[in-house]
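To keep things clear, I will list the structure first and then write my remarks on it.
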Amino acid sequence: MQLSRLPVSLLSILLLAITPALTVEHRDTVNGTTATEPPIAPSPTPSCIPGNKVGAILVTQPNISSYIFVGNKAMVQWQYTPIVTLKPKTVDILVFLESAPTTSKTVIISGLDVSNGASAWVWKVDQLQAGSYKLHIIPDGKETMGKKQNELPCFANGETLPGTSGAFSISQLQKLPNYPDRFPPSTNNASNCRAVWWKFSLLALFAYLLV
């Protein structure tokens with residue numbers, strides 16, 4: 001039978017029937033075995049789809065009216081804008097001099113667990129030079145400050161960008177100097193008091209005898 005004389009519909013059915021066998025199986029003429037091509041794996045789902053509804057962290061403490069002293073404790077507090085629905089699991093907190101934001105960064109805590117919704121932390125202020133500082137909070141390690149456009153992390157809808165506080169003051173505690181006492185207590189005070197007491201006692205005795 002010649003294929004050219006078959007009806008077009010029947011020819012199509014025959015081609016569909018033999019095509020899988022031609023494309024899926026390959027016979028090994030040496031070993032006499034048949035291999036089947038593995039199925040094509042689906043494309044992996046991206047872990048983060050960049051969104052256009054991304055919120056931000058608002059640092060409320062410290063702020064421009066805060067005066068912090070080295071060696072003391074300070075409260076760090078923040079909140080999220082209403083658009084944030086996927087709060088971070090961890091945050092990194094750092095401070096930097098307002099005059100040198102890229103060269104004076106000091107990480108004060110890394111990987112702080114805030115998965116329970118915490119938005120406050122007590123900072124034990126270690127040695128820092130006095131000056132005007134800002135505090136910076138990074139959600140889930142996704143930093144943007146100092147990054148080029150092609151280095152920026154992905155933020156999905158509902159996530160939050162990092163947040164930076166206003167400038168605040170850090171100062172060193174000043175100890176008062178020890179000045180010499182210009183008016184030391186007199187060493188004769190005790191003896192003077194005893195002499196006065198005896199005088200009053202004698203006067204009282206004489207007054208009693210004269211009555």
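Quantities reported herein were computed from a predicted structural model and do not represent experimental measurements. Counting from 1, the numbers follow the sequence of the chain as shown.
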First locate atom [atom1] of [X], then atom [atom2] of [Y], and finally report the distance between them rounded to the nearest 0.5 Å.
X      : Y      : atom1 : atom2 : result
Ser171 : Gln129 : OG    : CD    : 12.0 Å
Leu97  : Ile170 : CG    : CD1   : 8.0 Å
Ser165 : Gln77  : OG    : CD    : 13.0 Å
Thr90  : Leu112 : OG1   : CG    : 8.0 Å
Leu94  : Ile108 : CG    : CD1   : 7.5 Å
Thr102 : Met145 : OG1   : CE    : 8.5 Å

### Message
Under 4.0 Å between a side-chain nitrogen and a carboxylate oxygen: does that hold for Glu159 and Lys142?
### Response
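Salt bridge: yes.
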
Co-membership, hydrophobic cluster, residues [X] and [Y], 4.5 Å side-chain:
X      : Y      : result
Val70  : Trp123 : yes
Val125 : Val59  : yes
Val95  : Ile109 : yes
Val76  : Leu161 : no

Closest heavy-atom pair and its distance - [X], [Y]:
X      : Y      : result
Lys105 : Phe96  : CA-CB, 4.1 Å
Phe155 : Cys48  : N-SG, 3.9 Å
Ile68  : Ala74  : CD1-CB, 3.8 Å
Phe168 : Ser66  : CB-O, 3.7 Å
Ala167 : Ser132 : CB-OG, 3.5 Å
Asn157 : Lys53  : OD1-N, 2.9 Å

Any side-chain heavy atom of [X] sitting closer than 4.5 Å to one from [Y]?
X     : Y      : value
Trp78 : Val114 : yes
Ile57 : Pro162 : no
Tyr80 : Leu58  : no

Check your understanding: Any donor-acceptor pair under 3.5 Å linking the side chain of Glu143 with the backbone of Leu152?
Key -> no

For Lys89, is the NZ atom crowded, meaning more than 12 foreign heavy atoms sit under 6.0 Å from it? no

* **Lys73, NZ atom: more than 12 neighbouring heavy atoms under 6.0 Å** => no

**OP:** With side-chain contact (heavy atoms from CB on, under 4.5 Å) as the test, would you mind laying out the steps for Ile93 and Ile138 before giving the verdict?
**Re:** CA-CA 6 Å; Ile93 304 177; Ile138 306 166; over 6 Å; no

